[in-house]
Participant: 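Here's a structure for you.
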Amino acid sequence: VAPPCTQERHYEHLGRCCSKCEPGRYLSSKCTPTSDSVCLPCGPDEYLDTWNEEDKCLLHKVCDAGKALVAVDPGNHTAPRRCACTAGYHWNPDCECCRRNTECAPGFGAEHPLRLNMDTVCTPCLLGFFSDISSSTDTCRPWTNCSLLGRLEAQPGTNKSDVVCSSSLTLRKPPKEAQIYLP
Amino acid sequence: HLTINAANIPTGKSIFTLSSWYHDRGWAKISNMTLSNGKLRVNQDGFYYLYANICFRHHETSGDLDSEYLQLMVYVIKTSIKIPNYQNLMKGGSTKYWSGNSEFHFYSINVGGFFKLRAGEEISVQVSNPSLLDPDQDATYFGAFKVQDI
Amino acid sequence: HLTINAANIPTGKSIFTLSSWYHDRGWAKISNMTLSNGKLRVNQDGFYYLYANICFRHHETSGDLDSEYLQLMVYVIKTSIKIPNYQNLMKGGSTKYWSGNSEFHFYSINVGGFFKLRAGEEISVQVSNPSLLDPDQDATYFGAFKVQDI
Amino acid sequence: HLTINAANIPTGKSIFTLSSWYHDRGWAKISNMTLSNGKLRVNQDGFYYLYANICFRHHETSGDLDSEYLQLMVYVIKTSIKIPNYQNLMKGGSTKYWSGNSEFHFYSINVGGFFKLRAGEEISVQVSNPSLLDPDQDATYFGAFKVQDI
């Protein structure tokens, strides 16, 4: 029984059902009435990622450092190379170029984990947290806990500023003149 | 149709004759002409249409440019064993102001023309600012095809 | 030679595959190739010269641009039923600073190249900033002609 | 392939139909077509590939420009005895800001396209700012070659 002439791995030629070339190889010559296809391996820096009848392999793209690109997957004969923007930049499809990541304004923090090749996601600082800088990497930071430092809160925190602890220590070490002894 | 060899882009700013082209990979191909030392040699007399497309780019991650004022140019030139110095067939380009404020700059030039070429004559491409060349095969390439016999 | 369908220019800034071309009016014409869904399909294997000319323009009467810093680009791409994703054949363009002071801005890109194409393969044109496209038939067009058999 | 007649570059800023081309010196040549009054006349019906490359330049030694804001353009036009007024086949160019600070400015335009032309029709080139034209033969030229019969 003749094997099925599946379109994925075969092609018809001269009324025959011939084998396509597997990924990583290209069709050097088509089948003949007496012989099947001749496939040869892709050359350096080339690939084909499907069963194919291409007479030439595809050229890997260039992860061009001059466009702030780095290779995240070098690819091989059967898989295309993948590039991404270097840290601090993200791929912008409008210009097909690497754009600086957005800086989160004070009151906002960069959502972690930071994702390679994606723009910063800025989220507002929740109660108890603040950010007083513009940054494309820093998250919101928690307010300082004055009591842990044995101090009082002189000024409350906001989403853009830390609390301000008083400079003097709390009553656990009472000041000398005001010692009061309860009966 | 010859595409720039991405692995061998020259550095520097001064005008440079590009000598490293792919001739058999990706879109690059060659027939009835020969590539030697980066020059496309004519094997058959004829009228040829010559063309070149050159892309320049700069991203801030590559550091500051020496100057924000640039002149980005391509010169397609002809040389031949019989005539010592080369001759300019086509030129194109632009003066540019690539300000440090922008993170990315890009500019492409295209030239094309119909020329009578003799066997033995060679076509090559000079560019300014070679270190700014875009190494992609769809960006920086040149080629020729014969249209008529002489 | 296909010219832009002036009545159907897409809006927006992002890169867009133009799909609406005239093929039979004005300078537009087509033979031995087929236009389907805005793609120029190859019917006969051969070596073709491909070209595209894209003009962008903005007049202050159209209101302010979102940004004065633009990257105006054209990408000529090849797709085929056999290979899923598209391949970039040619690209051209420039980053631009179109300041609000000037009432009118204009910029044209031209690309061209010689490619081996197979029956069934399709050529299409992507542009950035489609809403800035100049709709004139002498401004925005692309085409191909066969030069040699394979 | 016709190259600009360097000895006869028009002055002025307004759009001008260039009428003075070399047809027989340097790279310039002509066959099966005729040059009359600066127009390239078609002698045989056919499909032609038309192209033009125009370079503009300004050096501070030529004095200040009237305005630093320019629109540098090329229009390839068709005229014929049968149809009185001309028709635009191709256009290209750019608005430019050529600041007085830089001593030299340069900009080139390239256009090309495939057109059906009839015997008797004439192709000519209009440019803006003719006084800024670069007179080199590798800079400012236009031409055509027949690809197929009709």
Side-chain angles (χ1 to χ4, degrees), chain C residues 1-3 24 26-33 40 46-60 68 70 72 74 90 92-94 96-99 101-114 132 134-148, chain D residues 15 45-56 67-78 80 83 86-99 107-118 121 123-129 142-150:
Chain C
H1 189 84
L2 305 173
T3 57
D24 59 358
W27 312 137
K29 57 199 168 296
I30 193 166
S31 61
N32 304 325
M33 299 183 87
L40 187 58
F47 289 100
Y48 290 76
Y49 186 73
L50 303 182
Y51 60 90
N53 195 79
I54 306 290
C55 292
F56 298 92
R57 62 31 178 158
H58 177 261
H59 194 277
E60 61 181 5
E68 293 177 319
L70 299 159
L72 303 175
V74 63
M90 304 185 284
S94 182
K96 282 285 178 183
Y97 174 64
W98 279 7
S99 100
N101 308 339
S102 300
E103 59 202 78
F104 183 64
H105 293 283
F106 185 91
Y107 170 65
S108 75
I109 316 170
N110 189 273
V111 290
F114 187 60
L132 299 179
D134 184 328
D136 293 344
Q137 68 166 341
D138 58 331
T140 302
Y141 57 80
F142 84 106
F145 57 88
K146 197 168 103 171
V147 176
Q148 297 155 17
Chain D
I15 292 193
D45 292 6
F47 289 101
Y48 290 76
Y49 185 73
L50 303 183
Y51 61 88
N53 195 79
I54 307 290
C55 291
F56 299 90
S67 161
E68 293 178 316
Y69 292 92
L70 300 157
Q71 183 165 347
L72 304 175
M73 296 292 289
V74 63
Y75 304 88
V76 177
I77 58 176
K78 180 172 82 167
S80 88
I83 302 179
Y86 67 81
Q87 299 169 299
N88 282 3
L89 297 180
M90 304 185 285
K91 75 180 172 188
S94 181
T95 43
K96 282 283 177 183
Y97 172 67
W98 278 7
S99 101
Y107 171 63
S108 76
I109 315 170
N110 189 273
V111 290
F114 188 60
F115 295 89
K116 182 174 175 178
L117 299 176
R118 297 281 180 188
E121 291 183 326
I123 307 302
S124 43
V125 173
Q126 290 184 334
V127 293
S128 65
N129 307 78
F142 84 107
F145 58 87
K146 198 169 101 172
V147 176
Q148 297 155 15
D149 291 323
I150 289 180

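Quick caveat: nothing in here was measured; it's all calculated off a predicted structure. Below, chains carry the letters A, B, ... as their sequence lines are ordered, and counting in each starts from 1.
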Participant: Apply side chain to side chain donor-acceptor pair (under 3.5 Å) to D:Asn88 and list each qualifying residue two or more places apart in sequence or on a separate chain.
Facilitator: C:Asp138
Participant: Identify the residues of residues 89-97 of chain D whose heavy atoms come closer than 4.5 Å to a heavy atom of chain C, ordered by number, or report 'none'.
Facilitator: D:Leu89, D:Met90, D:Lys91, D:Gly92, D:Gly93, D:Ser94, D:Thr95, D:Lys96
Participant: Determine which pairs satisfy salt bridge (charged side-chain N to carboxylate O under 4.0 Å, His left out) with at least one residue from residues 47-57 of chain C, sequence neighbours left out, and list them in order.
Facilitator: none
Participant: Minimum heavy-atom separation for D:Phe115 to C:Lys29, with atom names?
Facilitator: CA-NZ, 3.6 Å
Participant: Could you look at D:Lys116 and say if it's the side chain, the backbone, both or neither that has a heavy atom under 4.5 Å from chain C?
Facilitator: both
Participant: If you take all heavy atoms of D:Ile109 and C:Ser108, which pair is closest and at what distance?
Facilitator: CG2-OG, 4.2 Å
Participant: With a 4.5 angstrom heavy-atom cut-off, could you sort out which part of D:Val111 is near chain C: side chain, backbone, both or neither?
Facilitator: both
Participant: At a 4.5 Å cut-off on heavy atoms, which part of D:Phe114 comes close to chain C: side chain, backbone, both, or neither?
Facilitator: both
Participant: Measure the spacing between CD of D:Gln148 and CZ of C:Phe145 and express it to the nearest 0.5 Å.
Facilitator: 8.5 Å
Participant: For C:His1, give me all partners under side chain to side chain donor-acceptor pair (under 3.5 Å), at least two apart in sequence or on another chain.
Facilitator: C:Tyr51
Participant: Pick whichever of C:Trp27, C:Phe142, C:Tyr107 has the most heavy-atom pairs under 4.5 Å with chain D.
Facilitator: C:Trp27
Participant: Among the options D:Val76, D:Leu72, D:Asn110, pick out the one with the most heavy-atom pairs lying under 4.5 Å from chain C.
Facilitator: D:Asn110
Participant: Would a 4.5 Å heavy-atom cut-off, applied to side chains only, mark D:Val147 and C:Tyr49 as touching?
Facilitator: no
